[in-house]
Structures are given as C-alpha cells and as structure tokens.
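Written below as structure tokens is the structure these notes are about.
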Amino acid sequence: MIHFDNSYARLPEGFFTRTAPTPVRDPKLVALNLPLAERLGLDAAWLQSPDGLQVLAGNAVAEGSEPIAQAYAGHQFGGFSPQLGDGRAVLLGEVIAPDGARFDIQLKGAGPTPFSRRGDGRAWLGPVLREYLVSEFMAAFGVPTTRALAAVTTGEQVIRETLLPGAVLTRIAASHIRVGTFEFYAARGDRERLRLLTEHVIARHYPEASGTADLLQRVVEAQAYTISCWMGLGFIHGVMNTDNMSVSGETIDYGPCAFMDGYRPDKVFSSIDAYGRYAWNEQPNIAVWNLAQLASCLVPLMGDSDEAVAEATRIVHSFPEIYQREWLARFAAKLGISKPRTEDRALIEKLLSLMAQEQVDFTRTFAGLSDGKARDEFIDRDAFDHWAAEWQARIAGLPDATEIMARANPRRIPRNHRIEQAIALARDEGDYSLFHLLDAALRQPLSDRAPWDALAQPPQPEEIVQRTFCGT
C-alpha cells in the first residue's frame with residue numbers, strides 16, 4: 001500500500017480542484033522503478049500487484065489519497081496566461097520517505113480535469129517513455145529533477161495528428177509548485193493566498209529561510225545550480241515557461257527536451273520554439289526572466305515599497321554571479337580541475353569555441369579528454385593540439401584530474417535518435433526491449449561497459465533528430 005499525507009490538499013479552496021483520475025480500459029505495466037520505490041519506502045510487491053496496477057493506471061484511488069488538480073498560471077513564450085493548471089495530471093497525494101523527506105505522487109495522462117481547456121487529459125506513449133528515460137538519467141547524474149516511478153499503457157488510443165497508444169506516467173517530485181503557481185494568485189491580487197503559498201513553500205522546501213526575501217534568494221540559488229547542470233550536459237529543456245519552472249529547483253516537465261549531439265550554442269530542438277527563445281545558450285537568461293516574474297509576485301509580501309522592489313531586484317540580479325560560479329565549477333571539473341581559478345574560464349571557452357567551429361559531439365569530446373580520444377572528434381587537429389598543450393600544462397601536477405573528469409563527463413546520454421527508436425518500437429510493435437536497455441544503461445552514465453558502447457554513439461546523418469515535440 002501507499003501511505004499518503006496530503007499537506008497541499010489541506011490548503012484552502014482555490015489552490016486546486018478535487019479531481020479523481022479517469023479509469024482506463026486495459027492497463028499494463030511497462031516499467032516500475034524499484035530503486036525509487038525503495039527510496040520512497042513504498043511496497044514494491046504491492047505496486048506490482050493487480051491492486052497496485054489499478055492505482056498506477058488511475059482506475060482506483062488508494063486509501064488515504066485525496067486526488068487534486070493544482071491551479072497555476074504562467075508566462076508561455078513570454079505571453080501571460082492567467083489560468084493554466086493541471087490539465088492532464090492528478091496529484092494523488094504525498095508520501096513521507098523513511099528519511100523524512102516529502103514527495104508528491106502524480107499521475108500524468110490521468111484524464112481531463114477542470115483545467116484541461118477542452119483537451120482530453122491523456123498522454124500518449126512516446127512522451128511518457130521519453131520523460132521516464134530522461135528524468136531517470138538526470139537523477140543518476142545528480143541533476144535536481146522530478147522522477148519516474150512507473151509507466152503504464154492504458155489499452156486505449158489518444159487522438160493527436162493520428163491515433164496513438166495511450167499511457168500514464170507516475171511522476172515523483174519534491175513538489176509540483178511552480179513560479180506559475182505564485183503568478184496565479186498575484187494576477188488575482190490575492191495576497192492572502194500568496195502568503196499561505198509562501199509559508200507552505202518555506203516549510204516544505206526551505207525551512208531555514210528567514211522570510212519571503214530569503215525564500216526568493218534560495219530559489220535563485222537552486223535554479224542557478226540546476227541550470228548549470230543542464231549546460232554541462234548539453235541539455236535543452238525546450239519550454240522554460242514559468243509554469244514549467246519548479247520553485248524547488250527540480251527539472252520539471254520534460255516535453256520537447258533533448259541533448260545536443262553536435263555542439264551549437266544556439267541549438268533549438270522544440271518544434272514550437274520558432275525564434276530560439278529557449279535555445280541552449282539562452283537558458284540562463286530565461287531563468288533570470290522567470291525569476292523576475294517570481295520576484296514580482298513576492299514583492300507585496302516584502303512590504304510593497306520601493307525598498308522591497310529594490311531588495312527583490314538585487315536578489316534576482318544575484319543570479320548571474322551565482323550561476324557563473326556554478327558554471328565555472330562544472331566546466332572546470334569536465335577538464336579535470338577541482339578548484340578552478342578565474343583564468344580557467346578562458347581555457348574552457350577556447351575549447352567550446354573550437355567545438356562550435358566544427359560542431360563536434362558535445363558528450364564524446366568531453367568524455368574523450370580523459371582517455372585521449374577527444375582529439376579524434378576534430379578535423380583541425382592542430383588547433384585542438386594547441387589548446388590541449390595549454391590544458392595539459394594547467395592540469396600538470398593535479399593527481400586527481402583524470403578521476404575528476406571521469407565523474408564530471410558521462411559516457412552516454414539519452415541520445416535523441418535512440419529515444420525515438422525506442423518509442424517507435426514500443427508504438428509500432430509493442431516491443432519495449434530497447435526502452436529497457438536504455439533505462440539500464442542510462443542509470444549508469446559513467447560506466448564504460450562494452451555492451452552499451454553502441455548506445456553512446458552519436459547518430460548517423462540519417463538518424464539525426466532535428467525537432468522534438470511537446471508531450472501532449
């Protein structure tokens with residue numbers, strides 16, 4: 001069984017609507033994350049039982065669960081939508097892990113809610129498998145992220161451009177509270193609910209925070225760390241709307257996300273990002289923009305005065321310095337440097353410039369630094385050798401450089417073409433073998449095990465994925 005607590009559902013009316021999942025016809029378990037179930041203190045045997053399957057599919061509500069759809073607003077590609085909310089997700093409740101940490105359990109693709117805006121509230125299989133693989137890779141590499149507990153097929157089809165198999169993802173998060181949650185109440189001038197939400201977030205995520213301004217500072221720091229992690233992996237979120245930015249600092253809502261193969265700083269994958277707003281190199285800037293929206297919501301609780309505005313502005317403007325410090329630490333580690341100096345930034349940027357000129361593979365280049373194979377990624381090897389001589393001089397005498405690089409540079413990432421292959425096999429043939437192989441390999445991103453070598457290879461020209469699509 002799952003033993004639920006429901007602190008968010010105990011907030012007053014207006015934070016959510018009480019909404020049960022919509023049952024599906026013929027649920028089947030595709031994947032269950034046993035290590036995560038153990039981390040949460042859940043009964044894995046029960047989750048795999050017929051009763052557990054019914055709960056994971058949304059066909060039954062477990063005892064103690066109080067299903068809700070959360071309300072939030074959001075800036076989407078810069079334009080404000082005053083009411084969004086969980087249109088295809090139902091929060092079953094919260095569990096308290098053995099170590100005392102609290103986590104949401106949410107079903108994505110659980111059917112329509114009052115926030116569905118004429119949508120069917122369902123998810124098709126592809127985005128469910130994508131989010132499962134990518135979020136679990138991120139967790140394995142230590143990136144703050146939501147997690148995937150289970151994937152279930154529904155035995156039903158959903159209508160998109162064509163008929164597609166339906167699925168439900170059981171998502172785990174420290175919470176699903178977003179910048180857009182604050183915007184929902186700020187847009188309505190509801191200071192009392194803003195206050196209650198702020199107190200809830202402080203109690204749940206930042207109990208050491210001394211007040212509203214300190215909460216904002218801690219969210220800034222959490223986001224700076226997370227975005228630096230994305231950049232170090234060549235990860236592009238794709239839809240950094242304020243409703244997709246968690247105040248806990250977790251990566252949330254893996255829609256048209258992707259990892260770069262060939263390095264291009266302005267790379268965009270999202271099919272709906274026509275102007276490159278959420279390109280790889282724009283992600284830190286967008287984080288600041290989103291945090292400014294959060295600050296605007298919190299100012300009324302900070303005194304609603306010129307002093308409060310100045311303080312909120314100062315906190316948001318602290319992001320670049322914090323982020324640059326995190327960026328330098330992350331990229332220096334990728335070069336084997338554990339205690340970077342200011343001048344190491346130039347060394348890192350020289351390498352990135354060389355990589356951009358030839359659009360060499362981001363992951364393989366950095367992974368190849370520790371075993372001498374990075375040079376093979378370049379056509380202009382003289383240019384690389386010139387840089388490498390400077391780099392070798394910098395790490396000379398650092399006895400742990402190779403070990404630091406090995407920990408900082410994954411051998412494999414969720415390659416876009418491999419994910420698409422796994423989705424196609426599952427969709428067209430009901431074959432999940434590649435999905436399970438990828439899941440096992442991506443949980444050990446630093447391993448160089450030979451059976452997984454093919455999964456680390458960049459795509460052939462005909463396999464390159466240029467666009468990814470929102471997970472609707």
Side-chain angles (χ1 to χ4, degrees), residues 33-40 97-99 101-104 130-149 171-175 205-206 218-237 240 245-254 257-260 280 283-284 287 322-340 348 362-364 366-367 369-370 400-415 419 438-449 452 455-456:
N33 191 338
L34 293 176
L36 179 56
E38 181 179 2
R39 163 78 179 87
L40 298 174
D99 64 359
R102 183 182 293 268
F103 295 94
D104 282 0
R130 176 182 291 272
E131 179 159 347
Y132 194 108
L133 291 172
V134 176
S135 64
E136 286 309 298
F137 164 80
M138 295 289 247
F141 203 71
V143 181
T145 180
T146 60
R147 301 288 302 274
L149 178 63
R171 182 163 72 180
I172 306 298
S175 84
H205 295 302
Y206 305 102
R218 290 168 190 265
V219 176
V220 166
E221 292 168 0
Q223 286 296 333
Y225 178 80
T226 298
I227 302 300
S228 76
C229 292
W230 294 1
M231 302 300 279
L233 290 170
F235 174 75
I236 302 169
H237 184 280
M240 285 182 67
M245 189 174 193
S246 166
V247 295
S248 71
E250 290 179 311
T251 311
I252 191 171
D253 287 336
Y254 293 92
C257 67
F259 293 80
M260 280 193 288
W280 178 80
Q283 291 179 136
I322 298 167
Y323 166 75
Q324 291 296 339
R325 185 168 62 245
E326 296 287 358
W327 182 95
L328 181 59
R330 191 157 304 279
F331 275 86
K334 294 173 79 66
L335 270 56
I337 303 166
S338 62
K339 296 179 180 179
I348 297 164
F362 186 90
T363 301
R364 282 168 56 92
F366 280 108
L369 291 175
S370 59
D400 54 351
T402 300
E403 181 181 346
I404 292 168
M405 281 187 281
R407 292 197 305 266
N409 296 311
R411 291 283 172 180
R412 67 190 62 81
I413 58 170
R415 295 277 184 182
I419 291 177
L438 285 170
D439 185 30
L442 293 171
R443 288 174 187 274
Q444 300 184 53
L446 301 176
S447 169
D448 58 359
R449 283 181 55 184
W452 294 336
L455 303 180

- Please tell me if the side chains of Met138 and Pro414 come closer than 4.5 Å, counting only heavy atoms from C-beta onward. no
- Query: Is the count of non-hydrogen atoms from other residues, nucleotides or ligands lying under 6.0 Å from Glu38 atom CD greater than 12?
  - Reply: no
- When every non-hydrogen atom of Pro144 is compared with those of Gly249, the smallest separation belongs to CB-O, 3.5 Å
- Task: Give me the ring orientation class for His237 and Trp230: parallel if the planes are under 30° apart, tilted from 30 to 60°, perpendicular past 60°.
- Result: parallel
- Ile172 and Glu250: side-chain contact (heavy atoms from CB on, under 4.5 Å), yes or no, with the steps? CA-CA 11 Å; Ile172 306 298; Glu250 290 179 311; over 6 Å; no
- Message: Less than 4.5 Å apart, side chain to side chain, heavy atoms only: is that true for Ile348 and Leu328?
- Response: yes
- Side-chain contact test, heavy atoms from C-beta onward, threshold under 4.5 Å: evaluate it for Phe259 versus Thr363 and give yes or no. no
- Message: Going by side-chain contact (heavy atoms from CB on, under 4.5 Å), name the residues that satisfy it together with Arg407, two or more places apart in sequence or in a different chain.
- Response: Glu403, Ile404
- Message: Are Leu442 and Arg412 packed together at the side-chain level, in the sense that at least one heavy-atom pair is separated by less than 4.5 angstrom?
- Response: yes
- Query: Arg330 versus Cys229: any side-chain heavy-atom pair under 4.5 Å?
  - Reply: yes
- Item | Pair Thr145-Tyr254, side-chain contact (heavy atoms from CB on, under 4.5 Å): steps then yes or no | CA-CA 10 Å; Thr145 180; Tyr254 293 92; 2.5 Å; yes
- Between Ala367 and Pro410, which heavy-atom pair has the shortest distance, and what is it? CB-O, 3.8 Å
- Query: Hey, what do you get for CZ (Phe137) to CD1 (Ile419), rounding to the nearest 0.5 Å?
  - Reply: 10.0 Å
- Test item: Tyr323 and Met231 side chains (from C-beta on) under 4.5 Å apart, heavy atoms: yes
- Calculate, to the nearest 0.5 Å, the distance between atoms CD1 and CD1 belonging to Ile322 and Ile227 respectively. 13.0 Å
- Evaluate the criterion side-chain contact (heavy atoms from CB on, under 4.5 Å) for residue pair Cys257 and Val134; output intermediate values, then yes/no. CA-CA 9 Å; Cys257 67; Val134 176; 4.3 Å; yes
- Task: Go through Arg39 and Arg147 one step at a time and tell me if the side-chain contact (heavy atoms from CB on, under 4.5 Å) criterion holds.
- Result: CA-CA 11 Å; Arg39 163 78 179 87; Arg147 301 288 302 274; 5.6 Å; no
- Message: Rounded to the nearest 0.5 Å, what separates atom OG1 in Thr251 from atom CD in Glu131?
- Response: 10.5 Å
- Nearest heavy-atom neighbours spanning Ser338 and Asp400: OG-OD2, 4.3 Å
- Task: Mind checking the OG-CD spacing from Ser228 to Gln223? Nearest 0.5 Å is all I need.
- Result: 10.5 Å
- Shortest non-hydrogen contact from Asn33 to Ala148? ND2-O, 2.9 Å
- Would you indicate whether the side-chain heavy atoms of Thr226 and Met245 approach each other to under 4.5 Å? no
- When rounded to the nearest 0.5 angstrom, what distance separates CD1 in Ile413 from CZ in Arg364? 11.0 Å
- Query: Which atom pair, heavy atoms only, marks the closest approach of Tyr206 to Val247?
  - Reply: OH-O, 2.7 Å
- Query: Are Lys334 and Met405 close enough that some pair of their side-chain heavy atoms sits under 4.5 Å apart?
  - Reply: no
- The ring-ring contact (aromatic ring centres under 6.0 Å, His included) partners of Phe362 (sequence neighbours excluded) come to Tyr263, Phe366
- Item | Side-chain (Gln283) to main-chain (Phe235) donor-acceptor, under 3.5 angstrom | yes
- Note on the structure: Between His205 and Ser175 the two heavy atoms that sit nearest each other are NE2-OG, 2.8 Å
